[in-house]
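Structure, as C-alpha cells:
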Amino acid sequence: AKSAGSSTTLRLGVFLNLTHAPGLVGIAQGILAKDLAPTKLKVVPFNSGSDASNAMLAGSIDATYIGPGPTVSLFIKSGKVAVVSGATQGGASLVVRTGAGISSPADLKGKRIADPGIGNTQDVALRTYLHRNGLKAKDEGGDVTVVPLEKNSDSVQLMQAKQIDGAWLPEPYPSLLTSMNLATQLLDERSLWPGGQFVTTNLLVSTGYLSAHADVVKKLVKGNVDAIRFIQQNSDRASQIANTELATLGGKSLDPAVLSKAWAEMTFNWDPVASSLRANAEHSKALGYIDSVPSNLLSIYRLEDLNAVLTSIGQPAVQASS
Amino acid sequence: MWRARSAAKQVWPRLAAVLALVAVWQLVYQTGFFDHVVLPSPLQVWGSLRANVADGSIPRAAEASLIRLLIGFAVSVAAGTLAGLAMVASQFIERSFGSLIIGLQSLPSIAWLPLAILWFGLNETAVLFVVVIGSFPSVTLATVNSLRQVPPLLERAGRTLGAKGWRLYRTVIFPAAVPGYVGGLQQGWAFAWRSLMAGELIASGALGLGQLMNASRENLDTPEVLAVMVVIVAIGMIVDLAVFGAFDRRIRTRRGLAVAG
Amino acid sequence: MWRARSAAKQVWPRLAAVLALVAVWQLVYQTGFFDHVVLPSPLQVWGSLRANVADGSIPRAAEASLIRLLIGFAVSVAAGTLAGLAMVASQFIERSFGSLIIGLQSLPSIAWLPLAILWFGLNETAVLFVVVIGSFPSVTLATVNSLRQVPPLLERAGRTLGAKGWRLYRTVIFPAAVPGYVGGLQQGWAFAWRSLMAGELIASGALGLGQLMNASRENLDTPEVLAVMVVIVAIGMIVDLAVFGAFDRRIRTRRGLAVAG
Amino acid sequence: MRPAVTGPDLRLEPSPQAGTAPAKVSLRNVARTYRSARGGKVSACTDVTFDVAPGEFVCLLGPSGCGKSTLLNIIAGLDRPDRGEVLIDGRPVSGPGPDRAVLFQEPALFPWMSVAANVDFALGLAGVPKTERRDRRMFWLGKVHLSRFADAQPHELSGGMRQRAALARALACEPDVLLADEPFAALDAQTREILQRELQRVWVETGKTFVFVTHNVREAAFLADRVLLMSAPPGTLVEEQRITAPRPREFDDPLLAKVVSDVHRHLIKEVEKVVAREIGG
Amino acid sequence: MRPAVTGPDLRLEPSPQAGTAPAKVSLRNVARTYRSARGGKVSACTDVTFDVAPGEFVCLLGPSGCGKSTLLNIIAGLDRPDRGEVLIDGRPVSGPGPDRAVLFQEPALFPWMSVAANVDFALGLAGVPKTERRDRRMFWLGKVHLSRFADAQPHELSGGMRQRAALARALACEPDVLLADEPFAALDAQTREILQRELQRVWVETGKTFVFVTHNVREAAFLADRVLLMSAPPGTLVEEQRITAPRPREFDDPLLAKVVSDVHRHLIKEVEKVVAREIGG
Ligand SMILES: Nc1ncnc2c1ncn2[C@@H]1O[C@H](COP(=O)(O)OP(=O)(O)OP(=O)(O)O)[C@@H](O)[C@H]1O
Ligand SMILES: Nc1ncnc2c1ncn2[C@@H]1O[C@H](COP(=O)(O)OP(=O)(O)OP(=O)(O)O)[C@@H](O)[C@H]1O
Ligand SMILES: [Mg+2]
Ligand SMILES: [Mg+2]
C-alpha cells in the first residue's frame, strides 16, 4: 500500500553486492543509524533491482541504494523518485577468456560475450562499445553474439566450458574470473568515461517521502557521506567490513583475493555523475531500449541536501547539470 | 448443433469468470490505492497486449515457448510414465529410486540451471532439460497414484484372462488408471510450464514468454508483464478446456463416471 | 519389533538409491570431465554440509523455510480443498472460476513476486503469498480429481442413508476420495516447496534455504549449493516416507487397496 | 396398518387400499429412458403404475434388464423418471431420504469404516442417540451372524458377508420404507432361509413397508403380500398376484406352491419374449 | 474323458480317478489364513483336499464365508495357500493363466470397453485369430441374450446383464478349466434355468473341467457330477456327493430330488453351527 513513510523509521533498501559498499559499511558501522537518530533505520535487503523498484513504488521502502538502470526506469515510469546522492563509481569491466585469442576490440568479432541481460547498464555499455569499434551484436545484424546471463555467476561455468569468450559484468565477477585465471581484463569501463567517472550506485528516495520527511532525508544523506568518507579513509578495513556485512544480511562473503581485486576496481564517491546517467540513457535510446530520453531527466537529481552537507565539511559541491 | 450449444455452455462461464476478474481489477485500480505503475489498469494491459501481438513479439514468444513446452512435456510424459510403471511393478524400485524422484520433485527449477548449463551449455537442450527435470517427477507420481487406484478386481480379471507382464499393464491396468492419470498429467503440465519459465532464463537470448516476462519485469514494464501473464493463463485455460477437459469428459462419459466441467 | 523391521525395510532401499547416486557422482567427478569448481566431489559437498550444519546456517535456514512451508501449505490445503469442493458441488463454479484457477496454475512464481511485493511489501506475508498462490491451484485440482474418482455407488449409498449437502461431502464423498487426495497433496507439497524457493528471493533478508541457495550460487560456492539441494531432497524424501507414505499405506491397508512403498 | 387379506386376486389396477388409506408409495405412469454413450436410447421401463399401501410387503419380479433396479432407484429418489411421477405419502419424491432405506444390488459398504462403524454411521444419520447405537448395532449384526466380524473392514468379508452387513445396516435404521434389490442373492440357501424368516419377523413386528426385488419366486411367495411381475424389457407391469397365506408362513405351505407355479408360468412367457427377440434379431 | 459314472457315493477321500487318469485340478491340504487390518488372523479354509478329474463338473457348496471364493482364487493362481499345494495337470500352480477362466462373484468387465470389446479382448488373449473373433463373440453374446447390447458400455447394463456378459466372455475363450463363483446369482429364475441348460450343453459338448461355486442346491444337483460341501468357517470339506443322473438332465428328475434333500440336510447342519456360534459368542 501507498504511504508517505514515517519520521520515526526509515526503510532503506540495499542490494547484497559489493557495489553497494557505502550502504553496507554505513549499516555495519552504525554510521547511518547514528546520523539518522532519533529516526530508526530499518534495513531491507533485496536481490534484484526490479524487486527494489517494485517495493519503492508499492511504498514498502522509503529509500534505497540502486543502480543507474532501475533509477532511469523508475523515473520514466513513475517520476516519483529522486537521486539525493551518489555512492559508488566504476566497478565494471570487460574480461576475456584466457586462450580465446582476444587482445584488441577487433578480435571480438565472431565471439560470444556475456552480459547481465538485455537492456541492463552493462548491456548498453557493451553494445555501445561494439558500435564504436565498428562491430554489432548478432541480434542487431552483426556478428558478435551477446549472451545475456540468468545469473552473473553463471559466467564462471560458461567460461570454463568455453561457452563464452568474454563477459562485460559488474564487480565482483570480473575479479572472480581473473583471479581464477579464467580470464584477463580487456577493458576497465572507467577508461571509457571522462575523468574515469561513471555511476554504479545511487542513493534514491521516493519524492513522497522526500517532501513529507525532508529532515530525515537530509540525515540520510549525511550518513551516506559519512560512510563514504569512512571508506575513503579506511579503505582496507572498510572492504573487510562490507564483506562481513554481506554475510550478516543474508548474502555470502567473498574470497579475500577476489575482494581486494574487486575493491580496487571501484571508486566510492558521493558524486552521482549525472552526465553518465544521461549518456547511458542516450545510448539506450540509440539501441532502441527506450523511446526517448526524457527532457527532464536531470530533474531526478535533488542534490541540495548533499551540497549542504558537503559545504559543512568543506568539500566541493557537486552538480547535476553538465 | 448440439456440439455448438455444448461448446457455448463450456465457454460462457469461463468468460463470465474472466469478466468478473477484470471488473474487480478495474475497481481496485480506480481506488488508486496502488501505484498505477505497479498495478496498471486492464485497459493499459490490453493496450500492451495488442501492441505486443501486433508487433509479433508475443506470438513469436508464445510459439517458441509452446514448442519447447510440447517437446519437454512429451519427454516428461514418456519418462514419467515409464518410471511410474517401473515403480508400481517393483517394490524395490518404488522404495529406492521412486523415493529419490519424489525428493527431486521438491527442488526448484533454478537449482537445476547451473547443472543444465554445465551439461548442455547455453542452448535449447538445457532449457528442455530444465522442463523435463521439473515436470517428469510429477508425471511419475501421477502415474503411480493412478495405477494404485485401479480396482484390484480388474487386475485379477486381466490376469486370469491370460494378460501378464507388460501386456497386462498396457491393456488392463493402464487403461483402468486413465481417468486418474489424465488428472495427474494436468499437474505435470503446470510443472512443465513453470519450469519452462525458469528455464528460459538460462539463455535469456532464447526467445520465449519466460524471457519476455523477465525482460519486461527488469524494465518495470508492468503492463507488459501482465500481458504475458494473461497470455499464459489464457493458454492454460484453453489447454484445460480443449485438451485435458475434453479428454476427461470423453473418458468419463464412456465409463459412466461423474462428469463435470 | 515388527515395526522396527518394517521401518528398516522402508529405509534401506532408499539408502541404496542414495548410495548408488553418490557413487555415480563420484565416478563422474573422477573422470575430471567437468571442472571441479562447477562439479565438486561428494566429499566436498559433504564437507560443506557439515560446516554449514555445524555453524548453524543450514539448520536455521531449514527451520525458517519449513515453518513458512508448513504455514503456506496449510493455507493452500484449506483453500484448495474448499475451492475443489465448491467446484465439484457446482458446475458453474467449476466451469468459471475453476478453469481460471487451473489457468493460474501455469503461472511461474516469479510472475507473482511483483504483485506480492505490491500487496504485502518485502516481508514474510509476501513470501507466504507466493507459496500459497503457487500451490493452492494444485491442491484444488487434486481435490477435484480425487472427488471425481469416487464410485457413484458410495455416494448413492450415503444419500439414501440420509446424508446430504455438506455432511454428505464430509462423511462420505470426501473420505471415499482420500486415497487419491493424499496422492494429489504430494504434488501440492512439491509446488509449495518450489514456490517457496522463489518466494524467499523476494526479501533476501528472509532467512531460508532458497535464500541460502541463491546466495551460494551468486558466490559460486557450488559445494554449498549442492549441500542445500541435498537438504531439500532429504527433507522431501523424509516427508514422503514419514508423512504421505505412511498415511497412504495406512489408508490402503485399511481399505484393502494395493499397498506399496 | 396391515392390509386386509382378501384371497388370491389378479389385477393391474392400483390395489383398493389406495382409495381408502393413502398409499405409502405410489407410482403413476413412470417411464425411464437412458441415453447410451453411443448416442442411442434404451428404454428401461415404461408406463409403470402401482401403489404400495403402508405396511405392505411387495415383491418385484421380472426378467433380467427389465428395469427393476431402475424403478427402485426412482422410488429411492436417486434417479428421476422421464415421464410420470412417484409419490411417498402422497408427496412427490424430491430426493433420497432416510425414510427410505435402500439395499443395493451390490453391497455398498463404506470401505474406510469397519462393519460396526458402517452400521453406527447409518444409525447416526437416522438420528439414533449415541447411547443406543451400540445395542442396536450388536443386535442386528447378531441377526445376520456377523457379531464376530463387527471390527472387520468390508474388504475382509466374503461376498455374502458383505451383503449381510449391508442388510444389517439398512434394517438397524428401521426406515419407514425398505427398498431392497436382491439382498439375498449372494447367500447360500440355508443362510438365506434364516434371513428370510428373520425379515418376515421384522416385517410382522414393525409394520414397515417393503419393496423387494428378487429373482427367487419361492422367496417372493414366502415373503410378499403381493407379487408384481414385470414384462420383458422395456419393463412394465404385466401381472399382480396377491398372496393370502397366513403368517408366519412356512416354505412348504401348499398355498404358496400354487403362487410359485403361477408366477413361474408368467415369468417364462416374458423370458421367452427376450429369447425370441435374440433369435429373431 | 468323461469320468465313469458309478452311482451315489459318499467319501472324503480323493476320487478314484485321481489314481488312474491324472487329476486336472488337485488340492492337497490347502489352508489359507488372512491377516486382518486390525492385526488379528482369520482362517478362511483349512486342510482342503480334493481332486477334479479332467472333464468333471464339480460344484462347491457351503455356508457364506466358508472360504469358497478363497479356494477358487487359489486354484486360479490369484492367491497362494499358506499350507498345502494346488496342482493343475500334476504341476504346481504358479500364477493365473488363460487355461483357467474365472467368473468372479462380481462381474469384472472392463469399464472402458464395450461388451463386444470385452469379449474380443479375452479372445485375443486366448489366441483366437482376429477373423474368428467376431463370430465367436456374436455366438456367445446371443447365448446370454445380449446381442442387442454388444455395443453398450458395461455401466449401461443391469446387474444381471453384466453377469451374463462376464459369462459370455469366459465361455467364449473355451478354457480348459472354468472356475465360476456364483455366476447365476443375479439372474431371474427363468433366465437362470436357460443358462443352466446352456452350460450343461456346453459342458457335454466340450468336455471341459468345471469348478462351480453356487448357493443353489438345485442348481448344483442339476449341473454337477459331484457336489462338494464345505463346513462352517473356517471351511473344510465335510461331504462329497456323486450325482449319477444321466444327461441331459431335467430339473424334475426324481434322482436329483434325493440329492437336493441330502445336501440340504448337511448344509443346515453347517449353518446351524454358525448360528450357534453367534448365539454362544
Ligand atoms: N482380504 C481378506 N482379509 C481378511 N479376511 C478375509 C479376506 N478375504 C476373505 N476373508 C475371510 O475369509 C473367509 C472366507 O471368505 P470367502 O470370500 O472365501 O468366503 P465365501 O465362501 O466365498 O463366502 P460367500 O459365500 O459369502 O461369498 C471369510 O471369513 C472372510 O472374512
Ligand atoms: N446408466 C445406464 N445407461 C444406459 N442404459 C442403462 C443404464 N442403466 C440401466 N440401463 C438399461 O436399462 C435397462 C434396465 O436396467 P435395470 O438395471 O433397471 O434392470 P434390472 O431389472 O434391475 O435387471 P437385473 O435383474 O439384471 O438387475 C437395461 O436394459 C439396461 O441396459
Ligand atoms: Mg437390477
Ligand atoms: Mg464368495
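Letters A, B, ... are given to chains in the order of the sequence lines, protein chains preceding strands, and every chain is numbered from 1.
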Quick one: do the Asn73(E) and Arg32(E) side chains pair a donor with an acceptor below 3.5 Å? no
Looking at Phe149(E), I'd like to know if the NZ or CZ of Arg164(E) sits under 6.0 Å from its six-membered ring centre while staying within 45 degrees of the ring's axis. no
Of the backbone (N, CA, C, O) and the side chain (C-beta and beyond), which part of Val172(B) lies under 4.5 Å from a heavy atom of chain E, both, or neither? both
For the interface with chain B, which of Glu156(E), Arg169(E), Arg100(E) has the highest count of heavy-atom pairs at distances below 4.5 Å? Arg169(E)
Counting only non-hydrogen atoms closer than 4.5 Å, does Glu106(E) touch chain B with its backbone (N, CA, C, O), its side chain (CB onward), both, or neither? both
Is chain B contacted by the side chain of Leu109(E), its backbone, both, or neither, given a heavy-atom distance below 4.5 Å? backbone
Main-chain N/O of Phe212(E) paired to Lys68(E) side chain as donor or acceptor, under 3.5 Å: no
Side-chain (Thr70(E)) to main-chain (Ala44(E)) donor-acceptor, under 3.5 angstrom: no
